[in-house]
Structures are given as C-alpha cells and as structure tokens.
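Taking it in order: structure first as structure tokens, then the write-up.
Atoms considered below: every heavy atom in the structure, side chains included; atoms not considered: hydrogens, waters and symmetry mates.
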Amino acid sequence: GKGHALKYGLDHLAQDPPECVVFLDADCSYSRGGPGHMAVLAVKSKRPAQGLFLMDAPERSPLRERAAAFSVRLKNDLRVRGLSQLGGAVSLQGSNFALPWSACVAVPPPENELAEDAVWGWRLADKSLPPLFSTQTLCEGRLASGEEANQIQRSRWERGTLLGAWRVLPGVLLRSLLRGRLSVSMLALDGLVPPLSLLA
C-alpha cells in the first residue's frame, strides 16, 4: 500500500537526507504554483505544509461522480480554509504537501492505514508539528472513472478515514485539551465528523 511506499522512499532518502520532501501523487499535476513553493513554505515555517488539492470528475460523468468531486472540494478546500482561519492546524490530504526532514524523522508515515495521509497529519499535529495550509499551489487529480472503480475508491477513503479517526483522534483530542492547544482540538473534532456521503 501507499504507506509502505512512503516509508520505503523516506528510508532511501535517509542515506543523504534532504532539507525537505514534497509529496505528489503520480496521477496529479500542478495548475498553480509548484513543488518549489511548497518546499519553501515548509522550510521557512519548520512545519508540514498542505497545498490545495482537488479531484475532478472525468468529462460527461454521471451525477454520482460529479457529486463525489463536489464533496472533495468541500472537504479539501472549504473545510480546510475554515480550519486554517480558525486555528491554523489542518490535516494532510494525500498529495501536494511538503514536510521538513525533521518532521519525517519525528513522525514516520503510518504503514498500515488505508487513509495514511489523514492519520499522518493527525499524528504530526499531536507531536507539535501541525500542518499549515496554503493556497499558493493548486494540485489536481482525477477521480476513478466508472461506477465500480468510483465505489472502490470512495469506500477505501471512507472506511480508512473512519477507522483511522476512531483509533487516533480520541487520544489526540484529549491531549490537546489538556495542553490547551485549541487548534489541534479543532482539527481532531473536524476529523471525527463522518464523511459527507454517510451524512447525506
């Protein structure tokens, strides 16, 4: 899975560590900014940085796939902007993010999670490395085409996020409240909200 691939890549880089690592899915491309912008932001802030990451439905897609693209926009753009404005801590979204090497070492990527990106972001925030959000880069990918492929992709996201949230976030929320870290508390509460499709 992707978590193992991330760990393998970082283990390879550890032989000659870079100052920063930028993560981009192979089926995504930048339509605004680029990896250099994300690297500069992460290095200057000494925090993980998440850029804007959206998923488009293929042209002439059925309503179900266009609704999925809309829900991604709500989750990855609107809700993240709100969290960023309220407290500054956001989670990782799977692509278009950058980590200082010190963060990669402090909190390795989870290897056995279906939603490894979200869980990684929550664990980073728990270790006083809350990711920040930037709109100076926009990275776009494509949702899986076809009803069966779309269902598999959505089930993986939903199940992985729910399982990861229930395993990780109660502890993150409790520790953040005890330490008075309101931004991390808001991030944990946001992560405990069920996926939009389940709410609908």
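Residues meeting the side-chain contact (heavy atoms from CB on, under 4.5 Å) test with Arg81, sequence neighbours left out: Leu52, Asp77, Phe133, Thr135. Scored by the side-chain contact (heavy atoms from CB on, under 4.5 Å) test, Ala69 finds Ala57, Leu143 as partners (sequence neighbours excluded). Here Ser45 pairs with nothing under the side chain to side chain donor-acceptor pair (under 3.5 Å) rule; sequence neighbours left out. The side chain to side chain donor-acceptor pair (under 3.5 Å) check on Asp190 picks up Arg79, with sequence neighbours excluded. Here Ser31 pairs with Leu138, Glu140 under the side-chain contact (heavy atoms from CB on, under 4.5 Å) rule; sequence neighbours left out. Checked against side chain to side chain donor-acceptor pair (under 3.5 Å), Asp56 has no partners two or more places apart in sequence or in another chain. Leu13 is linked by a side-chain contact (heavy atoms from CB on, under 4.5 Å) to Leu10, Pro18, Val21, Trp101, counting only residues two or more places apart in sequence or in another chain. Every residue meeting the side chain to side chain donor-acceptor pair (under 3.5 Å) condition with Tyr30, not counting sequence neighbours, appears here in chain and number order: Asn96.
For the side chain to side chain contact (heavy atoms under 4.5 Å, CB included) with Val90, the qualifying choice from Asn76, Leu83, Leu132 is Leu83, the only one to do so.
Cluster annotation: Leu182 and Val184 are assigned to the same hydrophobic cluster (Ile/Leu/Val/Met/Phe/Trp/Tyr, side-chain heavy-atom contacts under 4.5 Å, transitive).
Sorted by first then second residue, the salt bridge (Lys or Arg N to Asp or Glu O under 4.0 Å) pairs that include residues 38-48, not counting sequence neighbours, number zero. Counting only residues at least two apart or on different chains, no salt bridge (Lys or Arg N to Asp or Glu O under 4.0 Å) pair has a member in residues 96-105. Within the structure, salt bridge (Lys or Arg N to Asp or Glu O under 4.0 Å) contacts touching residues 20-31 (residues at least two apart or in different chains) are Lys2-Asp25.
Using cut-offs of 30° and 60° on the angle between ring planes, the pair Phe23 and Phe97 is parallel.
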Contacts under 3.5 angstrom, residues 123-130 side chains, donor-acceptor by atom type, not counting sequence neighbours:
{"residue": "Asp126", "atom": "OD1", "partner": "Arg175", "partner atom": "NE", "Å": "3.2"}
{"residue": "Asp126", "atom": "OD2", "partner": "Arg175", "partner atom": "NE", "Å": "3.1"}
{"residue": "Asp126", "atom": "OD2", "partner": "Arg175", "partner atom": "NH2", "Å": "2.8"}

